[in-house]
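Per chain, numbering begins at 1; letters A, B, ... match sequence-line order.
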There are 2 protein chains.
Amino acid sequence: MTANQGTPAETGQPVAHVASPTPAQAQEQVAAAIDRGDLVTIFGHCTVEYDGRASSHLGPGDRLVVCKPDGTTLVHTDEGHQPVNWQPPGCTQDARLRDGQFELHSVRSTPEEELLVTFEELFQVTAYNLTDERELALVGTESDLRDRILDEPALLEPGFSPLATERETSAGAVDIFGEDERGRRVVVELKRRRVGPDAVGQLTRYVDALQRDLHADAEVRGILVAPSVTDRARELLAEKGLEFVALEPETDAVADEPTE
Amino acid sequence: MTANQGTPAETGQPVAHVASPTPAQAQEQVAAAIDRGDLVTIFGHCTVEYDGRASSHLGPGDRLVVCKPDGTTLVHTDEGHQPVNWQPPGCTQDARLRDGQFELHSVRSTPEEELLVTFEELFQVTAYNLTDERELALVGTESDLRDRILDEPALLEPGFSPLATERETSAGAVDIFGEDERGRRVVVELKRRRVGPDAVGQLTRYVDALQRDLHADAEVRGILVAPSVTDRARELLAEKGLEFVALEPETDAVADEPTE
DNA sequence: CTTTGCATCTCGACT
DNA sequence: AGTCGAGGTGCAAAG
């Protein structure tokens with residue numbers, strides 16, 4: 001067993017590391033780390049109980065548990081992008097001893113939720129004080145697709161004029177609301193990737209609502225804008241008399257050659 | 001700097017741990033761990049580039065990087081449930097040296113995606129061989145709600161008779177298809193939690209499709225089953241002549257007193 | 001606080 | 001491999 005504690009380095013911030021700790025050592029280290037606002041990783045053999053929006057039981061197994069200073073807890077197995085169990089940010093953490101075992105208990109309210117990780121065996125406890133000011137710069141989102149059309153409305157169709165974004169209807173906000181070259185109202189629904197039936201349902205709701213809201217005899221066109229459509233979605237569009245325009249969030253040039 | 005390597009213990013499987021490694025040491029340790037099929041955690045100061053379905057840039061910051069033996073990569077900051085960057089299972093990992101820096105590179109195809117984590121500074125590299133056979137037992141899902149109604153159809157309404165689950169229509173599969181006491185067709189859409197407008201759109205699509213498919217003059221009822229509805233969803237239901245039944249996936253007794 | 005819809009959603013099931 | 005819908009979805013913006 002090794003324990004390096006205190007004496008943080010100048011930039012890297014090693015705060016605590018214990019290999020093969022006893023339950024009492026783990027409890028002490030984790031409780032102190034949470035107190036300091038460190039990010040903690042725990043390798044160990046554990047069981048997990050969850051109760052809240054649903055409830056779950058997970059039998060014994062080797063897992064990696066991550067506790068973040070914002071109250072997040074993640075339980076990761078050796079597989080999958082998603083944690084097998086978790087608790088969201090804002091939860092209250094408690095590292096405790098119970099019947100000689102180290103337990104990690106996390107609670108929140110609204111909604112009431114509870115996570116209990118019980119360790120039968122501990123391989124390693126580590127804590128670092130991480131700081132990260134930088135924000136992620138992400139390109140290729142739906143809002144990029146919107147900006148593309150607002151910059152060049154003819155990409156949708158010649159003569160199209162955007163009048164508003166996020167225009168409210170009784171069924172929710174429309175991505176782009178505008179007029180075609182003949183002065184007809186146009187509802188545009190944007191999707192950053194290939195669309196299925198759900199997107200058609202969404203567009204349908206907006207078009208129906210706008211027809212209603214304007215109590216107009218005038219036609220309201222509905223256009224779905226996305227890179228592509230599934231067959232079923234195309235059928236549904238046809239049934240509803242709605243239209244589709246193929247368009248990507250980014251130009252191919254930008255997508256393929258980002259560094260020019 | 002400390003390095004404990006090899007000689008796995010009998011049940012816990014400490015395989016590699018290095019504090020404040022040099023880039024070359026990190027590359028060596030991580031490459032070997034990936035080779036062995038270990039789960040790797042890396043604490044360090046890094047930048048992250050992603051390009052694929054979208055693309056992103058993340059400037060320097062302290063982060064925890066997790067590499068799983070199934071090809072998953074997760075980049076976690078000190079905040080949030082979700083990783084700030086990631087790569088899904090099935091990717092090919094490469095731990096390499098470039099210009100004297102340790103880089104973690106992950107690639108996949110269909111779709112083509114690439115993640116590059118470049119470490120300016122390394123705090124710790126750890127690898128454990130985790131095994132986890134146990135599956136999560138989750139209660140309170142939509143399928144629990146379905147079973148509840150199939151067990152006791154009167155919970156939906158007196159005289160209701162389920163005829164099929166996952167019944168196919170031209171718009172997709174209906175959760176429960178049945179008949180009411182007067183012999184009318186009933187489409188039931190289930191949601192495990194409070195529903196919004198999207199669920200109404202879904203039910204609407206199914207009811208419309210079934211009307212069409214049966215080319216029947218006969219009325220088709222649509223019933224949304226969930227714990228509760230939002231106001232807008234209720235309005236949309238009324239407009240479409242659809243119905244709502246309040247029902248939870250689990251009985252309160254079970255939800256509140258699981259161990260009796 | 002709730003509502004609403006996006007997301008590199010992920011995941012499983014089915015074709 | 002593509003389609004489809006569930007999810008303890010998480011998340012941010014807006015009311």
Query raised in the report: Taking atom P in both C:dT8 and C:dT4, what distance in whole Å separates the two?
Result: 23 Å
Query raised in the report: Between atom NE2 in B:His81 and atom C1' in D:dA12, what is the gap in whole Å?
Result: 15 Å
Report task. Could you tell me whether B:Glu166 contacts a base, only the sugar-phosphate backbone, or nothing, with contacts defined as non-hydrogen atoms closer than 4.0 Å? Result -> nothing
**Report entry** Distance test, side-chain N/O of B:Arg108 to OP1/OP2 of C:dT8, below 4.0 Å
**Finding:** no
Query raised in the report: Is there side-chain contact between B:Val187 and B:Ile223, with at least one heavy-atom pair below 4.5 Å?
Result: no
Query raised in the report: What's the CG-P distance between A:Asp231 and C:dC14, to the nearest Å?
Result: 21 Å
Query raised in the report: Closest nucleotide of DNA chain C for B:Tyr50 versus for B:Ala233: which of these residues is on the 5' side?
Result: B:Ala233
Query raised in the report: Does B:Thr141 or B:Ser109 map to a spot on DNA chain D nearer the 5' end, using the closest nucleotide for each?
Result: B:Ser109
Requested in this report: Have a look at A:Pro197 and say if it touches a base, only the backbone sugar-phosphate, or nothing, with a 4.0 Å heavy-atom cut-off.
Outcome: sugar-phosphate
Query - C1' spacing across the pair C:dC9 / C:dG5, given as an integer number of angstrom - result: 13 Å
Report summary line: Looking only at heavy atoms, the pair that brings B:Asp175 and B:Leu190 closest together is OD2-N, 2.8 Å
Requested in this report: Quick one: do B:Glu239 and A:Arg212 satisfy salt bridge (charged side-chain N to carboxylate O under 4.0 Å, His left out)? Show the steps, please.
Outcome: CA-CA 10 Å; B:Glu239 282 176 21; A:Arg212 225 177 244 268; 3.4 Å; yes
Query - Nearest-Å distance once atom C1' is located in both D:dG5 and D:dT9 - result: 13 Å
Query raised in the report: At under 4.0 Å, does any side-chain N or O of A:Trp86 touch on OP1 or OP2 of D:dT9?
Result: no
Query raised in the report: When all nucleic acid strands are considered with a 4.0 Å heavy-atom cut-off, which category describes A:Gly140: base, sugar-phosphate, or nothing?
Result: nothing
Query raised in the report: So what does B:Arg194 touch, heavy atoms closer than 4.0 Å: a base, only the sugar-phosphate, or nothing?
Result: sugar-phosphate
Query raised in the report: Quick one: the side chain of B:Asp198 and the base of C:dT4, do they pair up donor-acceptor inside 3.5 Å?
Result: no
Query raised in the report: When you compare D:dG10 with D:dA6, how far apart are their C1' atoms, in angstrom units rounded to a whole number?
Result: 15 Å
Requested in this report: Report yes if a side-chain nitrogen or oxygen of A:Arg232 is closer than 4.0 Å to either non-bridging phosphate oxygen (OP1 or OP2) of C:dT15; otherwise report no.
Outcome: no
**Report entry** Distance test, side-chain N/O of A:Arg193 to OP1/OP2 of C:dT8, below 4.0 Å
**Finding:** no
Query - CG on A:Asp132 to NE2 on B:His45, rounded to 0.5 Å - result: 8.5 Å
Query raised in the report: Within this structure, what is the CZ-to-P distance between B:Arg167 and D:dC4, rounded to whole angstrom?
Result: 18 Å
**Report entry** Touch class at under 4.0 angstrom, heavy-atom based, for A:Asn85 against every strand present
**Finding:** base
Report task. Look at all strands and tell whether B:Pro89 reaches a base, only sugar-phosphate, or nothing, counting heavy atoms closer than 4.0 Å. Result -> sugar-phosphate
Requested in this report: Map B:Pro88 and A:Glu142 onto DNA chain C by nearest heavy atom, then report which one ends up closer to the 5' terminus.
Outcome: A:Glu142
Report task. Using atom CD of B:Gln202 as one end and atom P of D:dT3 as the other, report the distance to the nearest whole Å. Result -> 18 Å
Query raised in the report: Roughly how far, to the nearest 0.5 Å, is the CZ atom of B:Arg167 from the OH atom of B:Tyr206?
Result: 13.0 Å
Query raised in the report: Are A:Thr230 and D:dC4 close enough that a side-chain N or O sits under 4.0 Å from OP1 or OP2?
Result: yes
Query raised in the report: Taking atom P of D:dA12 as reference, at what distance in whole Å does atom CD of B:Glu79 sit?
Result: 9 Å
Report task. Take B:His105 and B:Gln93 through the test side chain to side chain contact (heavy atoms under 4.5 Å, CB included) and record every step on the way to the result. Result -> CA-CA 6 Å; B:His105 188 232; B:Gln93 318 265 16; over 6 Å; no
Requested in this report: Calculate the interatomic distance between B:Leu145 atom CG and D:dA6 atom P; express it in whole Å.
Outcome: 12 Å
Requested in this report: Just call it for B:Arg192: base, sugar-phosphate, or nothing, with non-hydrogen atoms closer than 4.0 Å on any strand.
Outcome: sugar-phosphate
Query raised in the report: If you look at every strand shown and take non-hydrogen atoms under 4.0 Å, does A:Ser143 touch a base, only sugar-phosphate, or nothing?
Result: nothing
Query raised in the report: Base, sugar-phosphate, or nothing for B:Ala171, non-hydrogen atoms under 4.0 angstrom?
Result: sugar-phosphate
Report task. Measure the distance from CZ on A:Arg146 to C1' on D:dA13 and round it to the nearest whole Å. Result -> 12 Å
Query raised in the report: Got A:Val200 and A:Leu224 here, is their nearest side-chain heavy-atom distance under 4.5 Å?
Result: yes
Query raised in the report: Touch check for B:Arg205, heavy atoms < 4.0 angstrom, all strands: base, sugar-phosphate only, or nothing?
Result: sugar-phosphate
Query raised in the report: Rounded to whole angstrom units, what separation is found between the CG atom of B:Asp175 and the P atom of C:dA13?
Result: 16 Å
Report task. Determine: side-chain N/O of B:Tyr206 to OP1/OP2 of D:dG5, distance under 4.0 Å, yes or no. Result -> yes
Query raised in the report: Quick one: the side chain of A:Gln87 and the base of D:dG8, do they pair up donor-acceptor inside 3.5 Å?
Result: yes
